[in-house]
2 protein chains.
Amino acid sequence: MPKQVNHEERRQIIAEATWELIMKKGIEGTTVRSIAEEANLSLGSLRHYFSSQEELLSYSMELVKERVTERLEKKFAQDMPMDELLVHFFLEIIPLDDQSRLEMTVWFHFIANVQFRHKFEGDDGILQALQQLLPVLEANGRLKPGIDFQEEIETLYALVDGLAIHCLFAPERLTKERIVPIIVKHVNRLLIHPLNSSRFL
Amino acid sequence: MPKQVNHEERRQIIAEATWELIMKKGIEGTTVRSIAEEANLSLGSLRHYFSSQEELLSYSMELVKERVTERLEKKFAQDMPMDELLVHFFLEIIPLDDQSRLEMTVWFHFIANVQFRHKFEGDDGILQALQQLLPVLEANGRLKPGIDFQEEIETLYALVDGLAIHCLFAPERLTKERIVPIIVKHVNRLLIHPLNSSRFL
DNA sequence: TTTTAATTAATACAAACGTACTAAATAAAA
DNA sequence: TTTTATTTAGTACGTTTGTATTAATTAAAA
């Protein structure tokens with residue numbers, strides 16, 4: 001029998017090498033050759049795991065999505081009050097550490113380029129999460145009365161995504177110290193018992 | 001004397017052809033050949049106006065920026081109450097018509113790709129505009145007291161950019177009817193005399 | 001150790017790319 | 001009409017790209 005290599009694990013290593021390359025050189029720099037070099041593999045070796053460049057990039061993009069989803073779901077699983085969880089959830093979306101910066105940068109490049117290779121379908125897992133969270137908050141009696149759910153969700157989503165993008169492109173201006181009070185103040189508009197920013201810094 | 005062609009005008013036509021191509025095929029599809037074809041020019045002819053692809057793309061990006069700035073400044077010049085102007089300014093940022101959709105899409109592709117060719121420097125003309133607008137609103141006695149200017153500017157900017165991006169990628173969900181109330185409600189938090197959404201639809 | 005199938009390495013090739021170069025065409029001035 | 005500088009068109013070259021192919025290497029099973 002031949003040398004055994006964990007196929008799936010190797011595919012992930014190659015995908016991660018692709019991310020690094022996107023960070024360093026952009027999508028234009030991610031040729032099959034440069035990816036192979038980054039992953040310390042030969043061209044033929046790489047082809048054993050991905051039969052085409054398109055398949056590699058698709059997989060690579062899918063893996064970013066998985067990792068981000070994984071990270072967000074982990075936050076959801078934490079045992080804490082719902083209102084607090086909401087803020088932590090938002091902070092998890094904003095690229096404040098190197099790992100999430102990489103993920104968002106790569107994701108940014110993918111959606112800009114991949115939509116012409118395959119049909120791009122909006123993800124909006126975040127939107128779905130918000131649509132689940134707010135009713136729970138209301139059921140727990142933590143929301144002020146008379147809130148337009150759909151409008152508030154759309155507002156929160158836009159605000160957080162806007163902060164995330166600005167944080168990505170101007171991290172020196174939008175630090176965590178600037179972002180947390182903005183989010184907390186905004187969430188507090190909806191809550192009966194306001195939260196304190198200092199808890200999240 | 002030779003045939004006279006308005007050089008600058010022709011350069012703009014070529015740049016606009018480049019935008020169309022970016023919309024249709026993405027940055028990867030914008031080769032010097034395809035641009036020449038889109039602009040009904042020969043390869044050699046195109047080279048007369050841009051000595052390299054990089055120069056063409058730089059110019060093309062610069063022109064988008066100019067057009068957008070032009071559009072926003074035109075809004076600023078309109079004679080209307082400052083609070084009303086603020087909302088119109090925000091609505092101008094959001095890609096609600098074909099022209100601004102094109103501009104934002106093209107801009108999106110450029111910042112994703114150009115940052116690796118040349119050093120990308122954040123523009124933030126919007127941020128500067130907001131930093132000018134709010135003090136004027138206050139001087140006119142239209143703002144509620146006790147507002148944290150820097151924080152509110154950052155919030156408004158993030159919200160509007162977030163709405164703009166969501167509108168770009170999910171225009172069927174984020175219609176003008178959904179966006180206007182969100183912006184007006186948010187601006188009204190700051191104003192002594194609240195505005196009515198219906199004025200902007 | 002020998003066998004064997006999976007893995008790796010190396011090379012080759014057609015297509016597409018940016019760029020360069022040269023001849024033809026153009027239109028305003030003499 | 002002739003002249004002339006500019007614009008246009010066509011072709012060619014060297015690279016780089018994705019993909020294909022083939023031989024060498026590897027390590028688990030016999």
Side-chain angles (χ1 to χ4, degrees), chain A residues 1-22 24-62 109-110 112-118, chain B residues 1-22 24-62 109-110 112-118:
Chain A
M1 287 286 263
K3 182 164 84 173
Q4 289 287 7
V5 169
N6 187 330
H7 228 78
E8 194 52 31
E9 188 182 308
R10 180 61 68 92
R11 281 166 70 94
Q12 292 194 11
I13 290 172
I14 294 171
E16 285 163 16
T18 307
W19 300 346
E20 287 295 332
L21 219 49
I22 290 175
K24 287 191 282 191
K25 308 275 182 182
I27 286 271
E28 310 226 347
T30 59
T31 65
V32 285
R33 278 167 235 268
S34 62
I35 293 170
E37 191 186 11
E38 178 80 26
N40 287 317
L41 253 52
S42 72
L43 221 63
S45 185
L46 195 153
R47 245 185 97 66
H48 242 267
Y49 298 103
F50 296 100
S51 57
S52 75
Q53 188 190 35
E54 173 150 341
E55 193 197 331
L56 201 171
L57 290 181
S58 282
Y59 178 88
S60 196
M61 181 177 183
E62 207 57 41
H109 280 86
F110 273 134
N113 289 279
V114 167
Q115 69 183 133
F116 297 100
R117 302 176 192 242
H118 351 72
Chain B
M1 289 286 265
K3 182 165 86 171
Q4 289 287 10
V5 169
N6 187 330
H7 227 78
E8 193 53 29
E9 188 182 308
R10 180 60 69 92
R11 281 166 68 92
Q12 292 193 11
I13 290 173
I14 295 171
E16 285 162 14
T18 307
W19 300 346
E20 287 295 333
L21 219 47
I22 290 175
K24 287 190 283 190
K25 307 274 183 184
I27 286 271
E28 309 226 348
T30 58
T31 66
V32 284
R33 277 167 235 266
S34 63
I35 293 171
E37 190 186 13
E38 177 80 26
N40 287 318
L41 254 52
S42 72
L43 223 61
S45 184
L46 195 153
R47 244 184 96 67
H48 241 267
Y49 299 103
F50 297 99
S51 58
S52 74
Q53 188 189 35
E54 174 151 338
E55 193 197 333
L56 201 172
L57 290 181
S58 283
Y59 178 88
S60 197
M61 182 177 183
E62 207 57 40
H109 280 87
F110 273 135
N113 289 279
V114 167
Q115 71 183 131
F116 297 99
R117 302 179 191 240
H118 353 72

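Values below: all heavy atoms of this structure, side chains included; hydrogens, waters and symmetry mates excluded. Sequence lines set the chain letters: A, B, ... in the order given, protein chains first and strands last, and positions in each chain run from 1.
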Whole-Å distance separating the [atom1] atom of [X] from the [atom2] atom of [N]:
X	N	atom1	atom2	value
B:Leu56	C:dC17	CG	P	15 Å
B:Glu28	D:dT17	CD	P	12 Å
A:Phe50	C:dT8	CZ	P	13 Å
B:Arg47	C:dA23	CZ	P	18 Å
A:His7	C:dA5	NE2	C1'	14 Å
B:Leu41	C:dA25	CG	P	18 Å
B:Glu54	C:dC17	CD	P	18 Å
B:Leu46	C:dA20	CG	C1'	14 Å

Shortest side-chain distance from [X], nucleotide among [options]:
X	options	value
A:Tyr49	C:dT8, D:dT19, D:dT7	C:dT8
A:Ser42	D:dT8, C:dT19, C:dT8	C:dT8
B:Leu43	C:dT8, D:dA9, D:dT11	D:dT11
B:Gln53	D:dT8, C:dT8, C:dG18	C:dG18

query = Out of curiosity, B:Ile13 CD1 to B:Tyr49 OH, how far, rounded to the nearest 0.5 Å?
reply =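 Here the rounded value is 9.0 Å.
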request  = Could you tell me which residues satisfy salt bridge (Lys or Arg N to Asp or Glu O under 4.0 Å) with B:Glu20, sequence neighbours excluded, listed by chain and number?
outcome  =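 Expected list: none.
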ask   = What residues form a salt bridge (Lys or Arg N to Asp or Glu O under 4.0 Å) with A:Arg11, not counting sequence neighbours?
value =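 Here the qualifying residues are A:Glu8, A:Glu55.
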inquiry  = Using a 4.0 Å heavy-atom cut-off, does B:Ser52 contact any base of the nucleic acid, only the sugar-phosphate backbone, or nothing at all?
reply    =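 Sugar-phosphate contact only.
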task = Name all residues meeting the side-chain contact (heavy atoms from CB on, under 4.5 Å) criterion together with B:Arg33; count only those two or more places apart in sequence or in a different chain, and write none if there are none.
result =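 Once residues adjacent in sequence are excluded, the partners of B:Arg33 under the side-chain contact (heavy atoms from CB on, under 4.5 Å) criterion are B:Thr31, B:Leu43.
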ask   = According to the salt bridge (charged side-chain N to carboxylate O under 4.0 Å, His left out) rule, which pairs have a member within residues 37-46 of chain A, sequence neighbours left out?
value =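 Every pair satisfying salt bridge (charged side-chain N to carboxylate O under 4.0 Å, His left out) with a residue in residues 37-46 of chain A: A:Lys24-A:Glu38.
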message = Which residues pass the side-chain hydrogen bond (donor to acceptor under 3.5 Å, both in side chains) test with B:Thr30, not counting sequence neighbours?
response =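 Not a single residue meets the side-chain hydrogen bond (donor to acceptor under 3.5 Å, both in side chains) criterion with B:Thr30.
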message = Taking B:Leu41's backbone N and O only, do any of them form a donor-acceptor pair with B:Ser45's side chain (distance below 3.5 Å, no angle check)?
response =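 No; zero donor-acceptor contacts below 3.5 Å.
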inquiry  = Give the residues of residues 29-39 of chain B touching DNA chain C, defined as any heavy atom closer than 4.0 Å, sorted by residue number.
reply    =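 The answer is B:Thr31, B:Val32, B:Arg33.
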What does the list of N/O pairs under 3.5 Å between the protein and nucleotides 22-25 of chain D look like, with a distance for each?
none

query = Where is the tightest heavy-atom contact between B:Leu21 and B:Ser34, given as atom of each residue plus distance?
reply =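 B:Leu21 and B:Ser34 have their closest heavy atoms at CD2-OG, 3.1 Å.
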request  = Output, in order, the C-alpha distance, side-chain angles, deciding distance and verdict of side-chain contact (heavy atoms from CB on, under 4.5 Å) for A:Asn113 and B:Asn113.
outcome  = CA-CA 9 Å; A:Asn113 289 279; B:Asn113 289 279; 4.2 Å; yes
